[in-house]
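These numbers come from the heavy atoms of this one structure, side chains and all, not from hydrogens, waters or symmetry mates.
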Amino acid sequence: LQGIIQAYKSGITLQGNTTSLGRWNFSGSFFFCISAITTIGYGNLSPSTVVGRIFCILFALFGIPLNLVLLNEIGQLMLLGVQHCAHCLEEAFHWQKKASLLIKTCALVTGLLLFLLLPPLLFSEKEGWSYEEGFYYSFITLSTIGFGDYVIGMNPDRTYPGWYKNVISLWILFGMAWLALVIKFCINFLE
């Protein structure tokens, strides 16, 4: 039993009479890198050697600031897109306040759909979670709380497509940028 537990901690999962190193293939490694630089830190996967831990420290030391720059740029591009759409509506229909409010509302609803309301459907399909569990995972992940009670691609009884963790990693990056904009608007509103 101890050997099985140690193997599981090392990223080897039992699947019937075979084993899988799915945690450390390209998709699993990419997902680990994203969870490290976004500071989500689910706690289900970590380096186990001294060299691995030192590398992880150096990777995070440079990766976290670069990720913050990337998230800021993505957020600014999203904001510029919203402002550009509002400007086009203002010119086309001669709406001043209405266009800005309409576009901000559309951006909020689109973001809600793409980052919080639709992904739980995918998680229900691929992970077997309820919609509520998928929604919980979505918010806990995008807000970087990352408790680790729900983590994608970890059920040894399920087979995951190769694209799954890569798409979720990109969803995390764009979703965090969107959620940061929403939080920024909330802070501005509260102030």
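The local environment of CG in Leu190 is crowded, with over 12 non-hydrogen atoms from other residues, nucleotides or ligands closer than 6.0 Å. The neighbour count for Tyr164 OH, taken as heavy atoms of other residues, nucleotides or ligands under 6.0 Å away, is above 12.
One distance of note links CG of Leu71 with CD1 of Ile37; it measures 8.0 Å at 0.5 Å rounding. Taking CG of Leu114 as the start and OG of Ser138 as the end, the distance is 11.5 Å to the nearest 0.5 Å. Atoms OG and CD, from Ser124 and Glu132 in turn, are 8.0 Å apart once rounded to the nearest 0.5 Å. The structure places CZ of Arg53 at 6.5 Å from OG of Ser48, a figure rounded to the nearest 0.5 Å. Atom CZ of residue Phe174 and atom OG of residue Ser169 lie 12.0 Å apart, to the nearest 0.5 angstrom. The CD1 atom of Ile145 sits 11.0 Å away from atom OG1 of Thr39, with the distance rounded to the nearest 0.5 Å.
At a threshold of 4.5 Å between non-hydrogen side-chain atoms, the residues Ile140 and Ile40 do not count as touching. Side-chain contact check for Thr49 versus Phe55: every heavy-atom pair is 4.5 Å or farther apart. No side-chain heavy atom of Thr141 sits under 4.5 Å from any side-chain heavy atom of Thr38. The shortest side-chain heavy-atom distance between Phe31 and Ile152 falls under the 4.5 Å cut-off. With a 4.5 Å cut-off on side-chain heavy atoms, Lys165 and Ile168 do not count as touching.
Under the side-chain hydrogen bond (donor to acceptor under 3.5 Å, both in side chains) criterion, His84 pairs with no residue, sequence neighbours left out. A search for side chain to side chain contact (heavy atoms under 4.5 Å, CB included) contacts involving Asp149 returns Tyr136, Phe147, not counting sequence neighbours. Checked against side chain to side chain contact (heavy atoms under 4.5 Å, CB included), Ile187 has the following partners two or more places apart in sequence or in another chain: Ile183, Glu191.
Side-chain N/O atoms of His87 and Glu91 include a donor and acceptor closer than 3.5 Å.
Applying side chain to side chain contact (heavy atoms under 4.5 Å, CB included) to Phe32 and the options Ser46, Ser27, Cys56 leaves one that passes, Cys56. The side chain to side chain contact (heavy atoms under 4.5 Å, CB included) with Thr105 is formed by just one residue from the set Leu102, Leu101, Ile103; it is Leu101. Phe123 pairs with exactly one of Trp171, Tyr131, Tyr150, Phe135 by the ring-ring contact (aromatic ring centres under 6.0 Å, His included) rule, that one being Trp171.
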- Task: Any chance you could lay out the side-chain contact (heavy atoms from CB on, under 4.5 Å) test for Asn72 and Val69, step after step, and finish with the verdict?
- Result: CA-CA 5 Å; Asn72 186 46; Val69 170; 5.7 Å; no

For this session: Please report the C-alpha distance between Trp178 and Leu112 in whole Å, then the side-chain angles of each, then the deciding distance to 0.1 Å, and finally whether the side-chain contact (heavy atoms from CB on, under 4.5 Å) criterion is met.
Result: CA-CA 9 Å; Trp178 173 80; Leu112 276 171; 4.0 Å; yes

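Taking hydrophobic clusters as Ile, Leu, Val, Met, Phe, Trp and Tyr residues chained together by side-chain heavy-atom distances below 4.5 Å, Leu116 shares a cluster with Leu113. One hydrophobic cluster, built from ILVMFWY side chains closer than 4.5 Å, holds both Val167 and Leu121. Hydrophobic clustering keeps Phe59 apart from Val51 (ILVMFWY residues linked when any side-chain heavy atoms are closer than 4.5 Å, directly or through intermediates). Side-chain heavy atoms closer than 4.5 Å link hydrophobic residues (I, L, V, M, F, W, Y) into clusters, and following such links, possibly through other members, connects Val182 to Val109. Linking Ile, Leu, Val, Met, Phe, Trp and Tyr whenever their side-chain heavy atoms come within less than 4.5 Å puts Trp163 and Ile172 in one cluster.
Checked by atom type and distance alone, the side chain of Tyr160 never pairs as donor or acceptor with a backbone atom of Glu127 at under 3.5 Å.
Smallest separation of non-hydrogen atoms from Ser130 and Glu133: N-OE1, 2.7 Å. Residues Pro65 and Leu61 share a closest heavy-atom pair of CD-O, 3.1 Å.
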